[in-house]
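Labels below follow one simple rule: chain letters A, B, ... track the order of the sequence lines, proteins then strands, and each chain is numbered from 1.
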Amino acid sequence: MAYSEKVIDHYENPRNVGGFDKNDPTIATGMVGAPACGDVMKLQLKIDANGIIEDAKFKTYGCGSAIASSSLVTEWVKGKSIDEAVLIKNTDIAHELALPPVKIHCSILAEDAIKAAVADYKSKHNQ
Amino acid sequence: MSDIKLPIYLDYSSTTPVDPRVAAKMAECLTTEGNFGNPASRSHRFGWVAEEAVDIARNQIAELVNADPREIVFTSGATESNNLAIKGAANFYGKQGKHLITVKTEHKAVLDTCRQLEREGFEVTYLTPEPSGLLDLDKLVAAIRPDTILISVMHVNNEIGVIQDIAAIGEICRSRKILFHVDAAQSTGKVKIDLQELKVDLMSFSAHKTYGPKGIGALYVSRKPRVRLEAQMHGGGHERGMRSGTMATHQIVGMGEAFRLAKVEMAAENERLLMLRNRLWDGIKDIEAVYINGDMESRVAANLNVSFAYVEGESLIMALKDMAVSSGSACTSASLEPSYVLRALGLSDELAHSSIRFTMGRFTTEAEIDYIIGVIHNAIDKLREMSPLWDMYKEGIDLSTVEWAHH
């Protein structure tokens, strides 16, 4: 399969690989996917008192498109409020990375990861 | 490193380059100056010399497997040979019984042919191999029914390289008067085949897995005992009526020369390939959570199939872009399909997704193996650094107990 240059760039130089302490109250964690399906994404957001995402880290087990999708969203969510972040659509991710149709599920997973992380944050803060 | 050309080809079980000595022989059979005639033309010299070239090639193929040249039927490749053998025998002997036995790890050319026969009213038993990839012969015997007419078991598996005991299976079949077909596409030039000794009735061959050209193969059809087939391709009655179609002289000559070379060079080549395979495994076996797929004893020298746990196969292929290898994962759809061969051995989806097949060949060098060992280490380090599953494994979490959010 021929990948777009943007996918290859994110794969070769992934942004924001790593993690935060999941028990820290300012940290939101979203883990989506399943090993049997070939991809698991873990997205962590560091959120300040005003609900703004200060920092983001990811770890992904999956194909090049899955790694690129998660790397891209860590860049996109930084500086956004959590309410803005959940508005990121998989179609925006797929468009930005020029994902072929068979890889659209990778962008859906990245969108789900943001939603899962925000849901984790809200449940931590009883919102 | 200056002598290494990238990417390094390590996918010889997928196909091999044509040996330059083979290509030279083939080139002599194409143009006006060459041997271009139709081997079936009986009325002039062009036909006679072409027929002679085909006869020589038929002898060379028969010699590699110790068969009578009259038992060799040329086809377009092992897929066609498998179709002709299984459908041809089932159609001819269908009145005697409607049951066939094969194995879940066979090539699709066998499995899909069996599926087609099921649609035509036959019944097929698909045996599960042992975790080693080898067939338990007691289970084979137990699957035999009074109406079993054919058993099809491959010689060497294309993904994991394990060698089935076709000598023993042949005895089981012959003593019960059941036809035995063997797909030997992956074994010529790698394992000694003696069809005078083996109780095999039908055997499929391919040229392009053994440094010959693509588009040509053969089917061995035993004369003693005589095996009958219903033709699948009708026409001019070539190949004693079993496979019509003008003989592709250049392809046949190429296959003949390739099989001649295989016979001459097999022993030395196997020794060298085993050394390379062991060198590769020695170089990567110390990586944590790395597993070999398939039996290591009954296995061709050229194959190493390894699962690198907690690393996904397709991203690994991307990281290994300096080498041409195959993955047990095919992430081309939302519901991704891990290798059915590895699943049949009982591997989890994760480990099947994490597998890489390295197959070495005639032109693989020691320097190439040393180079790729370094690349593999770097790739695994990088991808595990990025893998949430690796973190969980390191924290001692049993991944099978985690409830995953399936999508």
Is a donor from one side chain sitting under 3.5 angstrom from an acceptor on the other, for A:Ser81 and A:Asp83? no
B:Thr364 and B:Glu368: side chain donor to acceptor below 3.5 Å: no
Face-on cation placement of B:Lys5 at B:Tyr371 ring, 6.0 Å and 45° thresholds: no
Lys/Arg cation over aromatic B:Tyr340: B:Lys108, 6.0 Å, 45° cone: yes
Strictly less than 4.5 Å between heavy atoms, which residues of residues 318-325 of chain B line up against chain A? Please order them by number. B:Met318, B:Ala319, B:Lys321
Among residues 383-393 of chain B, those lying within the under-4.5 Å heavy-atom range of chain A are B:Leu383, B:Glu385, B:Met386, B:Ser387, B:Pro388, B:Leu389, B:Asp391, B:Met392
Would you check if B:Ser13 and B:Val300 make a side-chain contact, meaning some heavy-atom pair closer than 4.5 Å? no
Answer whether the closest heavy-atom distance between the side chains of B:Tyr310 and B:Glu350 falls below 4.5 Å. no
Using heavy atoms and a sub-4.5 Å threshold, report which of residues 48-62 of chain A line up against chain B, by residue number. A:Phe58, A:Lys59, A:Thr60, A:Tyr61, A:Gly62
Members of residues 13-21 of chain A whose heavy atoms come closer than 4.5 Å to chain B: A:Pro14, A:Val17
Please identify which of these residues, B:Val103, B:Leu347, B:Thr105, meets the side chain to side chain contact (heavy atoms under 4.5 Å, CB included) condition with B:Val341. B:Thr105
Which residue is it: A:Asp39, A:Ile104, A:Leu43? I am looking for the one with a side chain to side chain contact (heavy atoms under 4.5 Å, CB included) to A:Leu109. A:Asp39
Are more than 12 heavy atoms from other residues, nucleotides or ligands located less than 6.0 Å from atom NE2 of B:His377? yes
Against chain A, label B:Val311 side chain, backbone, both or neither, depending on which of its atoms sit under 4.5 Å from a heavy atom there. backbone
In terms of ring plane angle, is the pair B:Tyr211 and B:Tyr12 parallel, tilted or perpendicular, where the classes change at 30° and 60°? tilted
Non-hydrogen atoms of [X] and [Y] that approach each other most closely:
{"X": "B:Glu159", "Y": "B:Ser339", "answer": "OE1-OG, 2.7 Å"}
{"X": "B:Leu345", "Y": "B:Ile160", "answer": "CD1-CD1, 3.7 Å"}
{"X": "B:Cys114", "Y": "B:Val124", "answer": "O-CG2, 3.8 Å"}

Mind running side chain to side chain contact (heavy atoms under 4.5 Å, CB included) on B:Arg299 and B:Ile292 for me, showing each step along the way? CA-CA 12 Å; B:Arg299 186 189 194 107; B:Ile292 289 183; 3.9 Å; yes
May I have the step-by-step check of side chain to side chain contact (heavy atoms under 4.5 Å, CB included) for B:Trp404 and B:Leu399, ending in yes or no? CA-CA 9 Å; B:Trp404 301 100; B:Leu399 294 181; 4.1 Å; yes
Per the side chain to side chain donor-acceptor pair (under 3.5 Å) rule, which among B:Asp11, B:Thr359, B:Asn305 passes with B:Ser326? B:Asp11
For A:Val86 and A:Ile82, run side chain to side chain contact (heavy atoms under 4.5 Å, CB included): C-alpha distance rounded to whole Å, both residues' side-chain angles, the deciding distance at 0.1 Å, then the answer. CA-CA 6 Å; A:Val86 293; A:Ile82 53 173; 5.9 Å; no
